[in-house]
Every structure is written in structure tokens, then in C-alpha cells.
Visitor: 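Before I ask anything, here is the structure I am working with.
Note on naming: letters A, B, ... go to the chains in the order of the sequence lines (proteins, then strands), and numbering restarts at 1 for each one.
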Amino acid sequence: MLPPTYEAKKYEDGIYKKWESSGAFKADPKSGKPAFSISMPPPNATGVLHLGHAVMLALQDILTRHRRMKGYEALWLPGTDHAAIATQNRVEKELAKEGATREKLGREAFLNRVREFVADSQDTIRNQIRRMGASCDWTRERYTLDDDLSLAVTEMFNRMHEDGLIYRGYRIVNWCPRCKSTLADDEVEHEEVQGNFYYILYPFKDEEGGLIVATTRPETMLGDTAVAVNPKDKRYKKFIGKTIMLPLLNREIPVIGDEYVDIDTGTGALKVTPAHDPNDFAIGQKHKLETIRVMDEEAVINEQGGPYKGLDRFTARKKVLEDLAGLGLLQKTEALFHNVGHCYRCSTMVEPLTSDQWFIDVNKKFIVKNPKNLGWKKKEATLKELSIHAVKNGNIQIIPDQFNKTYFHWMENLRDWCISRQIWWGHRIPVWYCKDCDEIIVAREAPAKCTKCGSKNLRQDEDTLDTWFSSALWTFSTLGWPKETEDLKFFHPTSVMETGYDILFFWIARMILMTTYGLNDIPFKTVYLHGLIRTREGKKMSKSDPSTCIDPLDMIEKYGADSLRMSMVIGNTPGNDMRLYEEKIQGYRNFTNKLWNASRFVLGILEEKGVQEEPKIGKLSDADEWILGKLNTVIKLSDEGLTEFRISEVGQALYDFLWNDFCDWYLELSKGEKQNPAVLYHVLKAILLLLHPFMPYVTEGIWANLPGQKSMLIGHAYPKTDGKKYGAESIQGLIDVVGKIRHLRAENKIDPAKKIPITVYGHKATDDLARNKADIERLARMSGLTLMEKGAKVANAATDVVNGIEIFIPLSGLVDLDKERERLQKEIANLERYIGGLKRKLDNKQFVANAPQNIVAQEQARLAEAEEKLKKFKSSSGS
RNA sequence: GGGCGCUUAGCUCAGUUGGUUAGAGCAUCUGCUUUACACGCAGAGGGUCAAAGGUUCGAAUCCUUUAGCGCCCACCA
């Protein structure tokens, strides 16, 4: 016999081991079943599982288990991501504690150190994913730095280069001086900071006066190569072509005219620093200005900065301002709130600067080899066009659909993607330079000699690729691409991509871009974006502030994985954030225990009756019909709901069915004489199957005790409705009557232990009630139920009416009759108000004329019922 | 500066295409050793669905405006 309280801890690990060793998670492309596949968003190989992972694991496991039970060959492919900058930062921090740096260690030693660290944390993550109950196929686990996946990266780089989509350019990029690397546009986080607007006088060289420019970053003036004004600006037009003497460095720079300059912003005169501002860079290109970079990779002023050399950018700013003030050139300083870019990995202020980098051209046409897959009608396309087309055309469905707009907006405004990073941890860029003739060689393998001059004096590019380059290939690189593997053919495109909406751009968009290009196909059919888990106060859970964080492993330890899963999944609708706190998890722990005990009760009956295997269902009682009908409804809702990704709704429906229908009524009714072990078995079995995707552990644990079930639950088919119609009225009537009696007892404070007689009148409904008389008496704790079609009103009784049935509880000696009369008057007033409303509605000719017939009939029926009820109340109250 | 979302009971949230007197869980209150479960059982109180206007026979639901909160995007110095 099962113990009275379910202790998740005692069962979970053992159950997971059985699943895994039985091969239940393994997917076979040759099974002959239809394919269903999910690529697990690979957690960073940097540490521990957090709630963000936990929620995605729960949702994906629900979908995977449901489809597996539905007869799909379900593959859920797990893996980890090397997470270039994030991982490198972690290890660098560790090194810093030891007083070391990566430079001191050297490239190879440093990479070994990172590999050690990654191996450790990968192990941790694997076990944590298992503890969540994730039914993923571990035999196919992948890592972005696996040989096969690196091969895919190199192949893709080469193909894109051959198509002219990857190019090297001297451009202005986002630079993180702490990471000493470039960042992609969306890796820059804009944050409003308080800064200052400095107005500086730039004197003319050959005459009196000058132009006043305004800037927030005065230190960049060291790299100024022009001052620009709008040619339409009447104030300044005449100065175009004149020469300015750049203060501090006394360098001559021209005044130029450019439409870009906004007459009304600042002073209307713009200092132009092509090397340190993207707009200025564009102006510089247009006017063929010199580009003078004044900072090095750590944002320290270099030799171009003359006397400021060696100062970091903020110290330099102070010094520059002091010197300008000393010269009387600093005209005024104005406080200004403005947005400044910060590194998304380390929050350091980003410095725009020029440098040689590799880019993906998103606007260049290439030939689409296999346009049919995507329904693309032209021969050529740009990356941008194809990515937009894949979603616009309906090939990819995004849930919730309001994110379509966000996606399109982002894609339409996408600029070339800078993919080279000046860090060591990651995929080394497959490019070699000839030291003798400067030839650039892009290749799949290290070339032996220069393709142009034959020199063997080559060096590989020092840089690595943006981590999102390799993750963008994830759905197909993990299945073997570029090889035409069985897995790739069968499982790609994947069925669902399930993830938080926070990585829509970083990842989802880039997967679409790479897949539509590389495979001329979509990476997934449906994108399901779940809401982010927040704290009780609605704040983001932050790793830097552990007090706001709920650790999923703690919760699993305390309440079990099933409870945690339910708490994250119910109430979590796509795109909407959800708050989570411990009491919620506790609530689902209680639910888990409820299931456990309901099962314990049923199993006890089965044992008592000597049930050895699943019994055949024979004759049905009213209660049996009622619960089987409810079961059909909940099966239909669950199956359709999970197919249509309404996961929260299904979880809620199952919760209600188990607790309210099955436990509160059917099991209570089963305590009477009409107990039916076959139906108890059948419904419990269905409940376990239906709840299994949500709560895999406890359902599997109970299943093992179900007599006659020899194989594990995980491999069983999802329940189907039986197509039969069942009668529900008599039990519904019973529920209503019992409810009313309980209510009357409580209202009148009748001692719960006291068994009292009750009289019920009511048309043919009494036949149904008579069949279940004993049950009503037991459930409502009565000594005798008198059922009559009609009769004289019972004096001195508490009374109520439901479904045309009148209920009388004789009160003499039990309670205060005045109080009961008062209650009744309140009921009558309430009812009269209700009837008034219905009458007004039905008297309204517009309503009768315009509303659909069934609605009008419905309102009429309601009115009739209410009036009948009122009549009975009035006669009982003696008025 | 653009775009999106949210506002329903004390708290956290459901509410499908407009159609019962708007629901659940938690919390609160009143009771209960009722032979699975106190991680339980029975009952109760609690909401003019953010505000105003509109469409409609009928609005929490559709439209407009307003307010508050939150998020995303953006190279105005």
C-alpha cells in the first residue's frame, strides 16, 4: 500500500533512470511514424539551471510527451552552447582572482582552462535538466563546439563568402573596451544616463570668431576631422569651405556642408569624428574625410591624442574640459539625459570605433537554389527578404501573433551583421592571410600555401565568430548538416521552437535567416514564445541579486519537479510574464498529493475487490455515466488544447477535473453501495495518462501500482474519447440538491454531526433523486429524505429551490426561525431584481427582433424558471 | 521619437468567435477526527472588469480618447 503522503524525492531519480535506460526518449527516424521534433534551446555552458531554463524545459517536455503519446516519433534534442563572451568572461573573472589574465596565460593555455570549466558545468546542467524530468534524447546531445557542428559553421561561412554575403570591411563597430571585442547591434543595451551637453568654441584659422559645437563626448574631439553645418542654414552657410583650427591639438579641419545636420539640434554645427561615431563615419565617407582613431582597444587615448595619450576615455574627458575651460573655449555645460549603449554581457559603456571586421551583408542578392520549399517566386533574394517572407508567407507561425510585427520591424531595419569577435573562446574564423602578399584566403581547411603567391607564410585570423552565428545553425547542425543524414531528412524542419521572447532577435530571427539561406527551408513551423518568470513583486529575477531568485533545484528538493512544473505552466500564457513564488509551488505540491491520495483510494478498492488486471466496464450507475461524460469532455479539451499550444488552459482543466469532479463527487459517491471498480480503474488510468505530460514523475510512480499494467506509462497512448453520449442530469441534480442542503445547514448553523430529516418536492426530478437517495443522505448528512412529486408546504422549515426542486428542512428546535425568514426575504429581493432585469430585456422589442432566436428563448426560459422559484419562495415564507 | 503589452476579488491570474446574476487558486471568515488526503473536508464573505465616450437589442470582450504600469526598438550630436 502507498504511504499517505507523496514524497517526490523518494521516487523521482529512480523513475528518470528507468525511463532513460529503457530507451523511451530515443527517437528513430525509421520508425514509420510521423515526425515531431523540438531543438532544445541550448543553455549556456556557464553554470547552473535557472527558472528561465526550468520553464522552457517544462513546456517542451509537455509538448514532447503529448506528441509521443499521440503516436508521433518525437525527438527532443538537447545540447549546450559555448556562449562565447559569457563563458570567456566567467573564466577571466576566475583568473583575475588568481591575479592572472588571459594574455599572461596565452591563447592555448587559456582555452584549456575554459574547456575544463565548461566540462564541469555541462555535467551540472545535464543533471539538472534530468531532474526537471525532461524526456530528451540524450544519445543525440550536441554542443556548439562539437567537431560536427564546427564543420557546419565553417561550411556555412564558406558558402556565404562564396555567395558574396560575407565580406571584410573597415567600419565603425560597437566596441566593448572591457571585453575588448566588437558587439552586434542587438548586443548593445541602451540605457538612459545623466550626461552633459558641452558647448565648445572652435575658432576659425584665418579670421575672428568661430563655430560653437555641442557634444556629449568631448574627448572624441581629438579625432575630429571636420565641422559640418546644414547648407540650408542661413547662419552658417557662408562658413562652408573655411578652415577651423581644432583646439588643443591645433590641427586644421574644414567646415563642410551636409544635409544630415539638424539645424535645430544643439547649435546647428556638428563636430565630425568619423572614427568614433556612426553618423560621423557616414559623413566622413561621403566627404572623403580622414578617419583618425584616437582610442585603443581598451578605450585609452593613443598617440593620435597628443598630450592626452595614455589617459582612459573618462580621464581624458575631464582633462580636455579643463584645458578647454582654461583657454576660454568651453562656452557652457548643460545637463542632459540621453541613451548610451552598454555591453549586454558586462554592462561596460560601449565605444563606437572603426576597425577591420567581418560582416554578413543582409541586403545583397544571392541565387536561391531551391525556392519551392519556401514558396519564393523569384530567382534571387536577399537574406532580409527571405527571412521576412518565411514568416509573412505563413510558413512559420509565431505564437502569440503580436510578435509578428516586432519581428518584421526588426528584420526590415536590420543592418549588416558584424560577426567577428576579438575573443578567444569560440569558432575561429576560417580565414588565412598571406604574410608575403597580403592575400586573404577563405577556406574549409587550413591551406598549406598561399593560393596567390604560393608562400607558406600564412596566419589564421585571430578572431572568433559571434556566438549567435553557430546557434543560428542549431536546428540543422545538430541533425548532421551539411551531411544529408537520415535525422536531417526526417526531423527537419523542426516542429516547434519554444523559448522566451527575450531572444526573438538574438536567436529566432537569426535561425530563420541562416536556414532560409543555407537550406532554403524554414528551421521550425511554430514559434512559441513563453512569458518570462518574475518575482512576487514583478521584478526580473536577477543572478546578481540572489535574494530575488528562486532556485529551481531547491524547489525540486522541497516540493518535487512535478509541482514546480505545474506552478510554472499554469497561468503562463504566451508572451505574458508570470510571477512565481513559493506558495504557488506549494499549492501544486498539494495538488500532487491530492492525485496521490485519490489514487491510493482507488487502488485500495481495487485491491479489496481482488482486481488483477484492467477490468471490462459493464453496467453503469448514474455516477458512472456522469464521470465518463466529464472525462470525454476533458480528454477532448486536453488533446485539442495541447495540439493548439493552449498549455495553461489544459493544465487548469485537468486540475479542476481531478479535484472537483473526480475527487469531490465521483470518489465520494464511490463510498456508497454503487461503487464500480471498473470505472474507477478506467478513469484513474485516463487521469494518469492525461496528467503525465504535465506531471511525469508522480503519474509514472502511481502507474507502477496499477494492477495489470506491465509497461511504463511513458510509452502508452494518449486517451481518446469513446464517442458515447452519457446522461449527466441526475448526478447534476444530486450535486445541486446536496449543495443546497449543505448551504442551508451552514446558514442555519445546524450541528454538522446532527442527522436531520429533509423533504424534497419536485416533478419528475424526484425519480432521478430517488435512485440516488442513499448517496444524497450520506453526502448531505441526513437521517431521512422524503421525496414527493408535490405536497403541502412544510411549516417552520428552511427552504430553497433549485432546478424546480423545492427543499425543506424542518427547523423546529434546531434554529432561529426569524433569522431564516430574514435570509429568505433577502433571497426574494435578489430574485425580484433579477426578474426585473429579464423582463425589461424581453419587453424590449429591439432585443426580441434582433437577437438570435436561441438567445431569446434562453432568456425566456430563465425568466420562467426565476418566476417559478419566486413563487415557491413566497409561498414558503408565508407571505 | 516609434512600436507593443498590461490594468478583472486583499494577492496572483483565467475569461475562446460580444449573449446566465463575471470565474479559479491563495489569503480571510464560520464550522468539521465525514472509514484517500489537515498538503484535507463543508460552507461563506469579497469585484460599478482602470476612467470617459462610442458601436450594438446586448460590451470585461469591438472602436476612440485619457490615465497609470511594464516591455521592446531607435546612430539626433
Visitor: Roughly how far apart, to the nearest Å, are B:C37 and B:U28 at atom P?
Guide: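 So the two P atoms sit 24 Å from each other.
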Visitor: I'd like the C1' distance from B:A9 over to B:C29, given in whole Å.
Guide: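 Looking at atom C1' only, B:C29 and B:A9 are 15 Å apart.
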Visitor: At under 4.0 Å, does any side-chain N or O of A:Lys405 touch on OP1 or OP2 of B:G3?
Guide: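 It does not, given that no N or O in the side chain of A:Lys405 lies less than 4.0 Å from OP1 or OP2 of B:G3.
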Visitor: Would you mind classifying the nucleic acid contact of A:Lys845 as base, sugar-phosphate or nothing, using non-hydrogen atoms under 4.0 angstrom?
Guide: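 No contact at all - A:Lys845 keeps every heavy atom at 4.0 Å or more from the nucleic acid.
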Visitor: Report the nucleotide, chosen from B:C57, B:A42, B:C76, that has the shortest atom-to-atom distance to any side-chain atom of A:Asp664.
Guide: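 The answer is B:A42.
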Visitor: Please state how far atom CZ in A:Arg536 lies from atom P in B:C13, giving the value in whole angstrom units.
Guide: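 In whole Å, B:C13 P lies 12 Å from A:Arg536 CZ.
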Visitor: Between A:Pro4 and A:Asn413, which has a closest nucleotide on RNA chain B that is more 5'?
Guide: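 Nearest nucleotide further toward 5': that of A:Pro4.
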Visitor: Between B:G25 and B:A14, how far apart are the C1' atoms? Round to whole Å, please.
Guide: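 Here B:A14 and B:G25 have their C1' atoms 10 Å from each other.
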Visitor: Of the nucleotides B:U21, B:C72, B:U20, which has the atom closest to the A:Thr406 side chain?
Guide: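 For A:Thr406, the side-chain atoms sit closest to B:C72.
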Visitor: With the threshold set at 4.0 Å, does a side-chain nitrogen-carboxylate oxygen contact exist between A:Glu640 and A:Arg646?
Guide: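 Not counted as a salt bridge, because no side-chain N and carboxylate O are separated by less than 4.0 Å.
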Visitor: Can you measure A:Glu649 atom CD to B:C13 atom P for me and round it to whole angstrom units?
Guide: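 Spelled out: CD on A:Glu649 to P on B:C13 is 18 Å.
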Visitor: Compare the minimum distances between each of B:A77, B:G40, B:A14 and the side chain of A:Val261, then state the nucleotide with the smallest one.
Guide: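 Nearest nucleotide to the side chain: B:A77.
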Visitor: For the side chain of A:Phe197, starting at C-beta, report the closest nucleotide among B:C4, B:A77, B:A36.
Guide: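 From the listed options, B:A77 comes nearest.
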Visitor: When the P atoms of B:G45 and B:A24 are compared, how many Å lie between them, rounded to an integer?
Guide: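 The answer is 12 Å between these two P atoms.
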Visitor: Provide the distance between the two C1' atoms, one in B:G68 and one in B:A77, to the nearest whole Å.
Guide: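 After rounding to an integer number of Å, I get 33 Å for this pair.
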Visitor: In whole Å, what is the span from the CD1 atom of A:Ile508 to the P atom of B:C72?
Guide: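 Going from A:Ile508 (CD1) to B:C72 (P), I get 17 Å.
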Visitor: B:A59 P sits how many Å from A:Phe847 CZ, rounded?
Guide: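 Atom CZ in A:Phe847 sits about 12 Å away from atom P in B:A59.
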Visitor: Should A:Lys286 and A:Glu259 count as an ion pair when the cut-off is N to O under 4.0 Å?
Guide: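 Not counted as a salt bridge, because no side-chain N and carboxylate O are separated by less than 4.0 Å.
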Visitor: So if I take every side-chain heavy atom of A:Ala598 and compare against B:A36, B:C76, B:U12, which nucleotide ends up nearest?
Guide: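 Among B:A36, B:C76, B:U12, the one nearest the side chain of A:Ala598 is B:A36.
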Visitor: Applying a 4.0 Å non-hydrogen cut-off, can you work out what A:Thr573 is touching in the nucleic acid: base, sugar-phosphate, or nothing?
Guide: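 Sugar-phosphate contact only - A:Thr573 comes under 4.0 Å of backbone atoms but never of a base.
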Visitor: Counting any heavy atom closer than 4.0 Å, what does A:Arg600 reach on the DNA or RNA strands: base, sugar-phosphate only, or nothing?
Guide: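 Sugar-phosphate only.
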Visitor: Please tell me which of the listed nucleotides, B:G43, B:A36, B:C39, lies nearest to the side chain of A:Asn597?
Guide: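 My answer, after comparing the listed nucleotides, is B:A36.
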Visitor: P atom, B:A59 versus B:A52: distance in rounded Å?
Guide: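 Approximately 14 Å lies between the P atom of B:A59 and that of B:A52.
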Visitor: Classify the nucleic acid contact of A:Pro852 as base, sugar-phosphate or nothing, counting any heavy atom under 4.0 Å across all strands shown.
Guide: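 Base contact.
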Visitor: Using a cut-off of 4.0 Å on non-hydrogen atoms, how would the nucleic acid contact of A:Arg415 be classed: base, sugar-phosphate, or nothing?
Guide: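 A:Arg415: base contact, heavy atoms under 4.0 Å.
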Visitor: What I want to check is whether an N or O donor and acceptor connect the side chain of A:Glu668 with the base of B:A42 at under 3.5 Å.
Guide: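 There is none.
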Visitor: A:Trp665 side chain N/O closer than 4.0 Å to the phosphate oxygens (OP1, OP2) of B:A42?
Guide: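 No, outside the criterion.
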Visitor: Just checking A:Gln652: base, sugar-phosphate only, or nothing, at a heavy-atom cut-off of under 4.0 Å?
Guide: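 Answer is sugar-phosphate: A:Gln652 comes under 4.0 Å of backbone atoms only.
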Visitor: Under a 3.5 Å limit for both distances, which nucleotide forms a Watson-Crick or G-U wobble pair with B:A14, could you say?
Guide: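 Across all strands, not a single nucleotide pairs with B:A14.
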Visitor: Which of parallel (below 30°), tilted (30 to 60°) and perpendicular (above 60°) describes A:Tyr666 and A:Phe662?
Guide: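 Rings of A:Tyr666 and A:Phe662: parallel, as their planes differ by under 30°.
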Visitor: From the options A:Asp185, A:Asp186, A:Thr182, select the one residue that forms a side-chain hydrogen bond (donor to acceptor under 3.5 Å, both in side chains) with A:Asn174.
Guide: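 Exactly one candidate clears the test, A:Asp185.
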Visitor: Rounded to the nearest Å, what distance is computed from the NE2 atom of residue A:His276 to the C1' atom of nucleotide B:C76?
Guide: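 Result: 20 Å.
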Visitor: Under 4.0 angstrom, heavy atoms only, what part of the nucleic acid is A:Asp262 near: base, sugar-phosphate, or nothing?
Guide: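 Counting heavy atoms under 4.0 Å across all strands, the contact made by A:Asp262 includes a base.
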Visitor: Taking the nucleotide of RNA chain B with the closest heavy atom to each, which residue, A:His190 or A:Ser599, is nearer the 5' end?
Guide: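 Upstream on the strand: A:Ser599.
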Visitor: For residues A:Thr220 and A:Lys271, is any side-chain donor paired with an opposing acceptor at under 3.5 Å?
Guide: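 Checked: A:Thr220/A:Lys271 side chains pair up, N/O donor to acceptor below 3.5 Å.
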Visitor: Please confirm whether any donor atom in the side chain of A:Lys594 sits under 3.5 Å from an acceptor in the base of B:C37, or the reverse.
Guide: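 It does, because a donor-acceptor pair links the side chain of A:Lys594 to the base of B:C37 below 3.5 Å.
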Visitor: A:Asn854 side chain N/O closer than 4.0 Å to the phosphate oxygens (OP1, OP2) of B:G19?
Guide: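 Indeed not, no polar side-chain atom of A:Asn854 lies that close.
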Visitor: Is any side-chain N of the basic residue among A:Arg862 and A:Glu865 closer than 4.0 Å to the acidic one's carboxylate O?
Guide: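 Not counted as a salt bridge, because no side-chain N and carboxylate O are separated by less than 4.0 Å.
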Visitor: Look through every strand shown and name the nucleotide pairing with B:G46 as Watson-Crick or G-U wobble, where both distances are under 3.5 Å.
Guide: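 B:G46 is unpaired by these criteria.
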Visitor: Using both distances under 3.5 Å as the test, list the Watson-Crick or G-U wobble partner of B:G1, or none.
Guide: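 In the structure as shown, B:G1 has B:C73 as its Watson-Crick or wobble partner.
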Visitor: So if I take every side-chain heavy atom of A:Tyr501 and compare against B:C71, B:A36, B:U12, which nucleotide ends up nearest?
Guide: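 The answer is B:C71, which lies nearest to the side chain.
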Visitor: Please determine whether a side-chain nitrogen or oxygen atom of A:Lys740 lies at a distance below 4.0 Å from atom OP1 or OP2 of B:G43.
Guide: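 No, outside the criterion.
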Visitor: Under 3.5 Å for both donor-acceptor distances, Watson-Crick or wobble: does B:C62 have a partner, and if so which one?
Guide: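 Pairing partner: B:G54.
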Visitor: Could you let me know what B:C32 is paired to, Watson-Crick or G-U wobble, both distances under 3.5 Å, or none if it's on its own?
Guide: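 Partner of B:C32: B:G40.
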Visitor: Quick one: is B:C13 close enough that its OP1 or OP2 comes under 4.0 Å of any side-chain N or O from A:Arg579?
Guide: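 Affirmative; the distance criterion is met.
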Visitor: For the pair made of CG in A:Leu637 and C1' in B:G15, what is the distance, rounded to whole Å?
Guide: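 From A:Leu637 CG to B:G15 C1': 13 Å.
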Visitor: For B:C6, which nucleotide is its Watson-Crick or G-U wobble mate, given both distances must be under 3.5 Å?
Guide: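 B:C6 is paired with B:G68.
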Visitor: Consider the side chain of A:Pro752, meaning its heavy atoms from C-beta on, and name the nucleotide among B:C57, B:C39, B:G31 that approaches it most closely.
Guide: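 Of the candidates, B:G31 comes closest.
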Visitor: P atom, B:G10 versus B:A22: distance in rounded Å?
Guide: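 One P to the other, the span is 16 Å.
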Visitor: Round to a whole Å and report the spacing from CG of A:Leu658 to C1' of B:C39.
Guide: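 Interatomic distance, CG of A:Leu658 to C1' of B:C39: 14 Å.
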Visitor: OP1 or OP2 of B:C72 versus the side-chain N and O atoms of A:His409: is any pair under 4.0 Å?
Guide: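 So the side chain of A:His409 is outside the cut-off, no N or O lying under 4.0 Å from OP1 or OP2 of B:C72.
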Visitor: Can you confirm whether the side chains of A:Asn196 and A:Tyr198 place a donor and an acceptor under 3.5 Å from each other?
Guide: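 A donor-acceptor contact under 3.5 Å links the two side chains.
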Visitor: Could you tell me whether A:Lys271 contacts a base, only the sugar-phosphate backbone, or nothing, with contacts defined as non-hydrogen atoms closer than 4.0 Å?
Guide: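 If one applies the 4.0 Å heavy-atom cut-off, A:Lys271 turns out to touch nothing in the nucleic acid.
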Visitor: May I ask you to check if A:Arg171 and A:Phe281 form a cation-pi contact, with NZ or CZ under 6.0 angstrom from the six-membered ring centre and within 45° of the axis?
Guide: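 No.
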Visitor: Among B:U12, B:G19, B:C4, find the nucleotide with the atom closest to the side chain of A:Tyr581.
Guide: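 Looking only at heavy atoms from C-beta outward on A:Tyr581, the closest nucleotide is B:U12.
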Visitor: Just checking A:Phe281: base, sugar-phosphate only, or nothing, at a heavy-atom cut-off of under 4.0 Å?
Guide: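 Contact class for A:Phe281: none.
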Visitor: Expressed as a whole number of angstroms, how long is the span from A:Lys839:NZ to B:C57:P?
Guide: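 Answer to the nearest Å: 24 Å.
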Visitor: Is the A:Tyr11 to A:Tyr6 ring centre distance short of 6.0 Å?
Guide: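 Ring-ring flag for A:Tyr11/A:Tyr6: true, centres closer than 6.0 Å.
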Visitor: Could you please name the option among B:C32, B:G19, B:C76 that lies closest to any side-chain atom of A:Tyr260?
Guide: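 Closest nucleotide among those given: B:C76.
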Visitor: Taking B:G18 as the reference, what is the distance to B:U56 when you measure between their C1' atoms (whole Å, please)?
Guide: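 Pairwise C1' distance, B:U56 against B:G18, rounds to 9 Å.
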Visitor: Can you see whether A:Tyr559 engages A:Glu582 through a side-chain donor-acceptor pair at a distance of less than 3.5 angstrom?
Guide: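 On atom types as modelled, these side chains qualify, holding a pair under 3.5 Å.
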